[in-house]
Amino acid sequence: PVFAGMNGSAIGNFSCVIYNIFLMNCTWQAGRDAPADTQYFLYWQNSRDDEEMECELYIKDENGRNIGCSFQNVSIGTEEAYFLVKGSSKDSLIQFYDEYIDLYKIEILTAPLNVTAQCTRDSAGCIITWNPPLTSHVEKAKCFQYQINIQNK
């Protein structure tokens with residue numbers, strides 16, 4: 001059965017974030033009714049054509065239970081990525097958790113690069129320039145919007 005396992009044993013509060021262009025962290029909380037010996041394992045697939053991969057670097061809580069995973073060399077594709085968290089316990093069956101995520105929606109962009117300000121004393125004011133942030137999937141600078149907050153000091 002699709003939802004075999006003890007109710008309340010699947011993980012909760014699953015979330016992932018991509019940062020520094022190609023690093024990804026995923027975290028979760030143990031199921032509220034999961035037995036104390038429950039251990040969780042994360043698998044993910046970047047696209048239908050990619051192989052499913054298990055986490056190589058788990059984040060553990062004080063009891064040694066996996067509560068997250070760190071990934072390196074993540075690339076953002078055009079398809080939704082598939083995430084699956086399975087659990088195991090010697091006491092009972094554990095429900096799995098799965099989710100599809102558009103990776104571009106969870107990326108935290110770096111700050112714009114090479115920000116410069118050239119100001120004059122006359123009415124011309126200041127010219128502020130910058131380069132777009134680094135990203136693994138946006139190729140057109142016009143895809144970015146910026147907000148400038150200027151404060152007089």
Side-chain angles (χ1 to χ4, degrees), residues 1-116 128-151:
V2 174
F3 295 105
M6 185 176 70
N7 283 340
S9 61
I11 61 149
N13 294 330
F14 181 81
S15 69
C16 297
V17 64
I18 295 175
Y19 61 100
N20 288 350
I21 305 164
F22 62 87
L23 302 175
M24 179 170 68
N25 274 2
C26 297
T27 58
W28 59 84
Q29 292 179 334
R32 65 185 181 284
D33 297 325
D37 75 328
T38 302
Q39 186 59 281
Y40 296 101
F41 304 94
L42 172 62
Y43 301 85
W44 84 296
Q45 191 173 9
N46 199 0
S47 72
R48 288 186 199 100
D49 298 330
D50 291 343
E51 282 190 44
E52 183 178 82
M53 298 175 287
E54 183 181 356
C55 173
E56 293 182 359
L57 183 59
Y58 281 106
I59 302 165
K60 298 180 179 293
D61 66 11
E62 62 276 359
N63 299 317
R65 180 183 279 174
N66 297 337
I67 57 164
C69 180
S70 295
F71 295 96
Q72 296 181 354
N73 299 319
V74 172
S75 63
I76 297 175
T78 56
E79 296 180 37
E80 290 179 313
Y82 176 68
F83 294 85
L84 172 67
V85 182
K86 298 178 184 178
S88 68
S89 166
K90 61 181 184 276
D91 295 333
S92 68
L93 289 174
I94 306 299
Q95 291 179 330
F96 70 87
Y97 173 90
D98 67 342
E99 182 176 354
Y100 287 92
I101 299 175
D102 281 318
L103 296 183
Y104 74 90
K105 292 181 179 178
I106 61 169
E107 183 177 19
I108 297 173
L109 298 174
T110 61
L113 303 171
N114 301 324
V115 178
T116 61
I128 302 170
T129 60
W130 60 85
N131 293 335
L134 297 175
T135 177
S136 66
H137 70 287
V138 177
E139 296 176 7
K140 298 178 182 171
K142 66 181 180 182
C143 291
F144 292 99
Q145 293 182 349
Y146 301 95
Q147 181 177 352
I148 299 174
N149 182 359
I150 300 174
Q151 300 175 5

Next on the checklist: Quick check: closest heavy atoms across E79 and R48, and the distance to 0.1 Å?
Outcome noted: OE1-N, 3.3 Å
Checklist entry - Backbone N or O of R65 within a donor-acceptor pair of the N63 side chain at under 3.5 Å? => result no
Checklist entry - Would you say I59 and S70 make side-chain contact, with heavy atoms under 4.5 Å? => result yes
Checklist entry - Do Q147 and N149 come within less than 4.5 Å of each other through their side chains, counting heavy atoms only? => result no
Item to check | Among V85, I11, T38, the one residue meeting side-chain contact (heavy atoms from CB on, under 4.5 Å) with I94 | outcome: T38
Next on the checklist: A quick test of your reading: do over 12 heavy atoms of other residues, nucleotides or ligands sit less than 6.0 Å from CD of E52?
Outcome noted: yes
Item to check | Side-chain (E99) to main-chain (F83) donor-acceptor, under 3.5 angstrom | outcome: no
Checklist entry - When you measure from the side chain of N46 to the backbone N and O of S75, does any donor-acceptor pair fall under 3.5 Å? => result yes
Checklist entry - Under a 4.5 Å cut-off applied to non-hydrogen side-chain atoms, are Y58 and L42 in contact? => result yes
Next on the checklist: Could you check whether any side-chain N or O of S9 sits under 3.5 Å from a backbone N or O of G31, counting only pairs where one atom can act as donor and the other as acceptor?
Outcome noted: no
Checklist entry - CG/D61 to OG1/T27 distance, rounded to the nearest 0.5 angstrom? => result 12.5 Å
Checklist entry - Going through the checks in order, is the side chain to side chain contact (heavy atoms under 4.5 Å, CB included) test met by Q29 and I67? => result CA-CA 6 Å; Q29 292 179 334; I67 57 164; over 6 Å; no
Checklist entry - Hey, are the side chains of M6 and D91 touching, using non-hydrogen atoms and a 4.5 Å cut-off? => result no
Checklist entry - Do you know which two heavy atoms are closest between Y40 and A10, and how far apart they sit? => result OH-C, 4.4 Å
Checklist entry - With respect to W44, which candidate in Y82, F14, F71 satisfies the ring-ring contact (aromatic ring centres under 6.0 Å, His included) definition? => result F71
Item to check | C26/C69 sulfur atoms closer than 2.5 Å | outcome: no
Item to check | Shortest non-hydrogen contact from P112 toward W130 | outcome: CB-CD1, 3.8 Å
Checklist entry - Looking at CD1 of I128 and CD1 of I148, how far apart are the two atoms once the value is rounded to the nearest 0.5 Å? => result 4.5 Å
Checklist entry - Please, which pairs that meet salt bridge (charged side-chain N to carboxylate O under 4.0 Å, His left out) have at least one residue in residues 11-24, sequence neighbours excluded? => result none
Checklist entry - Distance from M24 atom CE to Y19 atom OH, nearest 0.5 Å? => result 10.5 Å
Checklist outcome for this item: Sorted by chain and number, sequence neighbours left out, side-chain hydrogen bond (donor to acceptor under 3.5 Å, both in side chains) with Q39 holds for N66
Next on the checklist: Rounded at 0.5 Å granularity, tell me how far CG in D98 sits from CD in Q45.
Outcome noted: 12.0 Å
Checklist outcome for this item: Rounding to 0.5 Å, atoms CG (N131) and CG (N114) come to a distance of 4.5 Å
Checklist entry - When rounded to the nearest 0.5 angstrom, what distance separates CD1 in I108 from CD1 in I21? => result 13.0 Å
